[in-house]
Amino acid sequence: MSKRYPRLGTGRTDRDFTEFDRLRRRIFAALVALFATIAIGVAGFAIIGRGTHSLIDAIYMTVITLTTVGFGEIIDMSNHPGGRVFTIVLLLAGAGIVAYTIPMLSALVIEGQLHHLFARRRMLRKIEAMQGHFIVCGATAAAAYVAEELARTQRDVVLVMPTDEALEALPDQLRDVPGV
């Protein structure tokens, strides 16, 4: 099936599925890796503390290790070579995971990629729910006028444009009109 044309009956393109699924997999994998690293760190420091330290102490040790703050060890590692090796492994693996996950999530939010992607999914769901709607095709002034008139008269309309750039270049009156 072509990546440029909608799947039959859905109004969604393969690109819409692929883009969202790829981003969702990246976010999910990064968050799972981050939470797994934190859980492993907490469990490891709880074991190393041999029950003499609280769960909060294990969480604290994990956080200062993963964030590379190194503020101060609560669980003494001076006579625990296995604990030191665990801390080194947690630091090397965990710092890489934190260094990947946090900036990636921040960039998605700051760049608006996440907002754009969810807005696009909402629009595609809105299109899927429509029945008896008008479809206006083309990136001409006439097509924009027809779509604007249909929207102004409270009729359901979907714009079909040749490119994403043409869709984004629509006048403000057509910003709420769904389009592909």
Side-chain angles (χ1 to χ4, degrees), residues 1-130 163-165 167-168 175-176 178-180:
M1 186 174 297
S2 172
K3 293 186 184 275
R4 297 184 60 178
Y5 299 105
R7 293 182 179 192
L8 292 177
T10 66
R12 292 183 182 179
T13 62
D14 288 344
R15 181 174 161 235
D16 297 325
F17 281 105
T18 305
E19 181 182 357
F20 187 79
D21 289 341
R22 184 178 51 83
L23 186 58
R24 186 176 56 199
R25 279 193 304 270
R26 278 182 56 205
I27 292 169
F28 182 75
L31 289 176
V32 165
L34 180 64
F35 287 120
T37 303
I38 291 169
I40 290 168
V42 170
F45 283 121
I47 292 168
I48 292 167
R50 295 189 181 113
T52 59
H53 294 277
S54 69
L55 181 62
I56 295 296
D57 292 340
I59 292 170
Y60 175 80
M61 287 291 292
T62 302
V63 169
I64 66 169
T65 302
L66 293 178
T67 59
T68 68
V69 171
F71 193 64
E73 289 182 348
I74 291 178
I75 300 173
D76 184 27
M77 298 289 169
S78 58
N79 294 323
H80 202 295
R84 287 183 175 187
V85 170
F86 173 78
T87 304
I88 290 168
V89 171
L90 181 66
L91 178 60
L92 294 175
I97 290 169
V98 169
Y100 171 76
T101 303
I102 301 302
M104 180 198 55
L105 294 175
S106 299
L108 289 174
V109 172
I110 291 169
E111 293 172 2
Q113 236 182 341
L114 201 55
H115 173 71
H116 173 73
L117 197 56
F118 284 120
R120 185 170 178 89
R121 277 192 58 117
R122 277 191 306 275
M123 180 201 53
L124 290 172
R125 284 191 183 128
K126 182 178 178 182
I127 292 171
E128 283 181 357
M130 287 182 180
T163 64
D164 286 336
E165 292 79 23
L167 197 57
E168 292 182 18
R175 290 286 178 212
D176 294 331
V180 291

Heavy atoms only: give me the nearest Ala46-Ala58 pair and the separation to one decimal. N-CB, 3.8 Å

So how far is it from Leu105 CG to Arg26 CZ, rounded to the nearest 0.5 Å? 9.0 Å

Does the side chain of Leu90 come within less than 4.5 Å of Phe45's, by heavy atoms? yes

Output, in order, the C-alpha distance, side-chain angles, deciding distance and verdict of side chain to side chain contact (heavy atoms under 4.5 Å, CB included) for Val42 and Leu55. CA-CA 8 Å; Val42 170; Leu55 181 62; 3.6 Å; yes

Tell me the closest heavy-atom pair linking Thr68 and Ala95, and the distance in Å. CG2-CB, 4.3 Å

Would you give the length of the straight line joining atom CD1 of Ile40 to atom OG1 of Thr62, rounded to the nearest 0.5 angstrom? 10.5 Å

Hey, what do you get for CD1 (Ile97) to CG (Leu66), rounding to the nearest 0.5 Å? 8.5 Å

Taking atom CZ of Arg84 and atom CG of Leu91, what is their separation to the nearest 0.5 Å? 14.0 Å

Of all the heavy-atom pairs spanning Ala30 and Tyr100, show the shortest one and how long it is. CB-CE2, 3.9 Å

For a quick test of reading the model, state the closest non-hydrogen atom pair linking Met104 to Ile27 and the distance between them. CE-CA, 4.0 Å

Here the gap from Met77 atom CE to Met61 atom CE, rounded to the nearest 0.5 Å, amounts to 4.0 Å

Examine distances only and state if a side-chain atom of Thr65 and a backbone atom of Thr87 form a donor-acceptor pair shorter than 3.5 Å. no

Rounded at 0.5 Å granularity, tell me how far CD1 in Ile74 sits from CG in Asp57. 4.5 Å

